[in-house]
Number of protein chains: 2
Amino acid sequence: MRPTCRTCAIRPSAVCRALPPEALDQINRLSHRKHLTAGRTLFAAEDGDHTVATVLAGVAKTSVTSADGRTQIVGLHFPGDFIGRPHAAGSANMVEAATDMDVCLFDKSRFEALLREHDGLSRLLMARMTEDLDAARQWMFLLGHKSAAERLASFIALCIDRLEPRCGADTEAKPASRIDLPLSRTEIGHFLGLTIETVSRVLRRLQTAGVIEIESGRGIRVVDREALAATASAATD
Amino acid sequence: MRPTCRTCAIRPSAVCRALPPEALDQINRLSHRKHLTAGRTLFAAEDGDHTVATVLAGVAKTSVTSADGRTQIVGLHFPGDFIGRPHAAGSANMVEAATDMDVCLFDKSRFEALLREHDGLSRLLMARMTEDLDAARQWMFLLGHKSAAERLASFIALCIDRLEPRCGADTEAKPASRIDLPLSRTEIGHFLGLTIETVSRVLRRLQTAGVIEIESGRGIRVVDREALAATASAATD
DNA sequence: CTTGGCGATTGATCCCGGTCAAACCGCGAG
DNA sequence: CTCGCGGTTTGACCGGGATCAATCGCCAAG
């Protein structure tokens, strides 16, 4: 009953979907799954790691830290996302598990061989990297110009978008949806370029405005998706 | 006397260097050079463009603009840089010439064919995209956590690093170096997440501090490289 | 020459979010 | 049960940079 690539639930949303069915057994041999508890380091900075990974469950974070200790989370990696730097020098930034998570690991050089062998995989990966770059640039806009409320709303919208269990069939809007935020208040601050206090205050303000409901700790319920989207992109209040 | 790939001065620093000499005539036929005056649009947003490019001279900027008019410059493209989104849907952001510039254009599908044909080109491009992503993430740190002075110093250091005419042989420090900034004050503001007034003031402050000298307009002379690097602090690496 | 336009500079004031400080809350250990 | 600890919330105050506004410098057109 050991899980294999054949039965992999996230394969349709992972880069592996570019591989033909015949290759599944091959990549099944090359990969191995691993469970990581929250906080565990996946790739260290300044470390010539030789692994790439696909997120199966949970969320990972990539962060940049300066000499004087300031930290910026520069990317989140949700289920289906690819993490790694094929054909590039080992990681420049640190990647850690933000929540408990499961990953599917490949040896980097083996994966590079796969890329050479399967053109579709190479193309899909390149498209993914382009998406990552677009996402990073969108976040640069957020960090450069958005107000605290816009930042929080954008962050919540992102999490809802990537984490809400979606039931393939119904695409129509739901009255309310709840998720557990994958980051602590401190981490949210580091992701949004805000302090923990501001995060807390603005979250509260969004709650009194009737946009969201904060459950104890990380639980959050979006009451008004419209208002959330509006707050994410427009001027405050 | 028409310039060709054989005599191309920036080829050593462009992705084309991954192509074997035998392929030079081939890519020479596939590419064509173009001059763009400052402000001209290279790729429009929301536009299924079918071109990719290498910067030969001058500087291009990629920017994100929100519905309400706020603009963020999310990337600069210096000579040798590759611009384009092979294997991905046409551009998400707008790319414009920041200064007068020369580019070398390829038809996107032809370039994709080249990628398939030449494995080394594919690998180098992937490495370049990884670098771009790293640069974007470094800039996210700047936008999220750096002070105005740190931002300006980082920006000037970046420009010096990429634009200063470097004489291959001598790597040792020079007493002073001057360049023309590739962006107007307004654009610098959009790149750094600051207002034009703050840019002006901080630049002045850096001058009175003896770090730089501002010549009329865009000309700038770095008097104290050490101090500049120190002001940029929080490692740009 | 004057005029007008655009970008840059400089000054005065305001406000959002940072900083400092003090509870508060849930939870596991003793 | 109490204690202590880490994460969170809340309040009071402060300051860096935004905003508003006036002026300057340069250059091209009249």
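Proteins come first, then strands; the chains are lettered A, B, ... in the order of their sequence lines, and each starts at number 1.
Salt-bridge annotation for B:E164 and B:R221: absent, with no side-chain N of the basic residue lying under 4.0 Å from a carboxylate O of the acidic one. A salt bridge does not link A:R40 with A:E96: none of the charged nitrogens is closer than 4.0 Å to a carboxylate oxygen. Classification of B:R70 and A:E150 as a salt-bridged pair holds, one side-chain N sitting under 4.0 Å from a carboxylate O.
In this entry the distance linking CD of A:E215 with P of D:dT9 reads 13 Å, nearest Å. Rounded to an integer number of Å, the gap from B:E197 CD to C:dT9 P is 11 Å. Note: CZ (A:R218) to P (C:dG26) measures 17 Å, nearest angstrom. Rounded to an integer number of Å, the gap from B:I196 CD1 to C:dC6 C1' is 10 Å. One can place CZ of B:R201 at 12 Å from P of D:dT19, the figure rounded to the nearest angstrom. The separation between A:L152 atom CG and C:dG17 atom C1' is 12 Å, rounded to whole Å. We find that CZ of A:R151 is positioned 11 Å from C1' of C:dC16, with the value rounded to whole Å. The separation between A:L181 atom CG and D:dT8 atom C1' is 13 Å, rounded to whole Å.
Within a 6.0 Å sphere centred on NE2 of A:H35, heavy atoms belonging to other residues, nucleotides or ligands number more than 12.
Nearest-nucleotide assignment on DNA chain D puts the 5′-proximal partner with A:L203, out of B:S147 and A:L203. Between B:V202 and A:T198, the residue anchored nearer the 5' end of DNA chain D, judged by the nucleotide with its closest heavy atom, is A:T198.
Distances shown here put a side-chain N or O of B:T186 below 4.0 Å from the OP1 or OP2 atom of C:dA8. Side-chain nitrogen and oxygen atoms of A:S184 include none within less than 4.0 Å of the OP1 or OP2 phosphate oxygen of D:dG7.
Taking only side-chain atoms of B:L194, from C-beta outward, the nucleotide of C:dG18, D:dT10, D:dA18 with the closest atom is D:dA18. The side chain of B:R185 lies closest to C:dA8, out of C:dG18, D:dG17, C:dA8.
In this structure, B:W139 and B:F191 have parallel ring planes: the angle between them is below the 30° cut-off, well short of the 60° mark.
Here B:G193 lies in heavy-atom contact (under 4.0 Å) with sugar-phosphate atoms only.
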